[in-house]
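Remarks on the structure that follows.
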Amino acid sequence: MATADQPRSGSQAVERAVHLLNCFEGDDPEFSISELAHLAGVPVSTAHRLAQALVRGRLLEQDPGTDRYRIGAGLATLARPALNRLGVDAAAPHLYALAAGIRITTSLSVAEEREAVTVLQARPPVRFCHHQLPQPRRPLRASAAGHALLAHLPAAPYLETELDLVRRKGFAIEEFDSADDPIRSIAVPVFGADKQVWGALSVQARSVRLNDELVREILPAMRQIAARIGGVVHTGPAAGINSA
C-alpha cells in the first residue's frame, strides 16, 4: 500500500488534486506550500507534488518572488463555459452597475445542496472595505441569501415563520458579529424566466452603515437589478436544492 507521501495513481491522485484546488476557494487567496499542506491535510511532499502538477496544467500558478501558490488562468478558462451556461457572464454588467450605484459590493449566489454559493461579486469603485465580502459559501438556513432562496421553494421543511416573513417582505436580512463590528446582510430573490427562484442578490456591510434608512434606499434598486438578472440568466441552478 502506498504511504501518504508516495505517488498515488488513478482516482486517488485526482481526488487529492481536486481537494487541493478546493483549498483556494474564497477571495483570491495565496498559500505557501506548508500552508497548503496544512489546509489539505497532506504531507508537504505530497502537497508540493500535486501543486507542481497543477501549475504545469495552468490550474495553479506560483509567484516567482514569493513561491506562493494561487489560482491559475487555466482554471478561469475552464470555468467560462459553466459561467456562460448559467448566464452569469450576462448578469455581470447589471451587478457592477448596482455596485457602482449603491457604493457597496454586490454578490450573486445560487444554491448548491445546503449552501448558498457566491458565483459572482462586483465591487464598487469607491467606499469598498473587507466587511462587504461574504464568505464564498454560507448555509442556506443561516444566511440572508439562503433565506431568500429557501423562502421561494415549494417545500422548505424548516424556519417556516422566518421564511413566511421573507416572502411577505420580499427580502431577507441577517445580522452577525465579526471581529471588528456587527455586520448586516440583505438579500432579494432572483427569479428566472420560468418564474422559479434562480438565485439571490445580496449586499453586506457594517451594520452602522447598512442601517434601516440605507436598506430602504437601496432595496428598490436591488429588486430592479434582480429582475434584470432574472431576464438574462439560464434557468436551472436552484431547482436542484436539497432542502432535507
Side-chain angles (χ1 to χ4, degrees), residues 1-89 105 107-121 123 130 133-143 145-146 149-150 176 178-179 185 199-200 202 204 234 236-244:
M1 180 180 295
T3 60
D5 59 352
Q6 288 177 329
R8 292 177 173 239
S9 60
S11 62
Q12 289 178 316
V14 173
E15 288 172 2
R16 283 202 162 185
V18 170
H19 183 54
L20 201 74
L21 278 175
N22 285 337
C23 294
F24 289 87
E25 186 174 55
D27 189 33
D28 196 20
E30 294 187 0
F31 300 117
S32 69
I33 194 62
S34 59
E35 291 170 339
L36 195 52
H38 175 73
L39 288 170
V42 299
V44 171
S45 58
T46 301
H48 182 265
R49 174 171 50 81
L50 293 172
Q52 286 299 307
L54 292 168
V55 168
R56 291 192 294 273
R58 299 178 59 248
L59 302 183
L60 292 181
E61 63 183 31
Q62 191 173 14
D63 188 306
T66 65
D67 286 336
R68 297 174 73 84
Y69 292 89
R70 59 194 176 215
I71 289 295
L75 197 58
T77 302
L78 288 175
R80 184 158 296 281
L83 295 177
N84 287 335
R85 186 167 61 251
L86 295 176
V88 172
D89 278 2
T105 298
S107 301
L108 188 62
S109 302
V110 297
E112 183 180 289
E113 293 296 329
R114 301 181 182 183
E115 295 180 312
V117 180
T118 301
V119 294
L120 184 62
Q121 218 164 55
R123 296 186 184 185
H130 70 276
L133 298 177
Q135 295 178 9
R137 291 176 177 270
R138 293 293 309 278
L140 288 172
R141 289 188 280 181
S143 63
L149 286 159
L150 287 172
F176 58 95
S178 72
S185 177
S202 65
Q204 76 171 42
H234 303 159
I241 297 174
N242 177 5
S243 57

For residues [X] and [Y], determine if any side-chain heavy atom of one lies less than 4.5 Å from a side-chain heavy atom of the other.
X    : Y    : result
R137 : E112 : yes
P139 : E115 : no
T118 : L108 : no

By side-chain hydrogen bond (donor to acceptor under 3.5 Å, both in side chains) - contacts of [X] (at least two apart):
X    : answer
T105 : Q132
Q135 : none
S107 : Q121
Q62  : Q52, Y69

[X] and [Y]: which non-hydrogen atoms are nearest, and at how many Å?
X   : Y   : result
A51 : L36 : CB-CD2, 4.4 Å
L21 : L60 : CD2-CD2, 3.8 Å
L20 : A40 : CD1-CB, 3.7 Å
F31 : C23 : CE1-O, 3.3 Å
G74 : L59 : C-CD2, 4.2 Å
A17 : L54 : O-CD1, 4.0 Å

Residue pair E35, E30: steps toward the side chain to side chain contact (heavy atoms under 4.5 Å, CB included) verdict: CA-CA 9 Å; E35 291 170 339; E30 294 187 0; over 6 Å; no

If I take atom [atom1] from residue [X] and atom [atom2] from residue [Y], how far apart are they, to the nearest 0.5 angstrom?
X    : Y    : atom1 : atom2 : value
R16  : L50  : CZ    : CG    : 7.5 Å
S109 : L120 : OG    : CG    : 9.5 Å
L39  : H19  : CG    : NE2   : 8.5 Å

May I ask you to decide if [Y]'s main-chain N or O and [X]'s side chain share a donor-acceptor pair within less than 3.5 Å?
X    : Y    : result
H48  : I33  : no
R138 : S143 : no
E15  : Q12  : no

Set of salt bridge (Lys or Arg N to Asp or Glu O under 4.0 Å) partners for R58, sequence neighbours left out: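 Salt bridge (Lys or Arg N to Asp or Glu O under 4.0 Å) check on R58 returns nothing, list empty.
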
Set of residues satisfying side chain to side chain contact (heavy atoms under 4.5 Å, CB included) with respect to D63, sequence neighbours excluded: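 D63 satisfies side chain to side chain contact (heavy atoms under 4.5 Å, CB included) with T66, R70 only.
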
Test side chain to side chain contact (heavy atoms under 4.5 Å, CB included) applied to L133 and R123, step by step: CA-CA 9 Å; L133 298 177; R123 296 186 184 185; 3.5 Å; yes

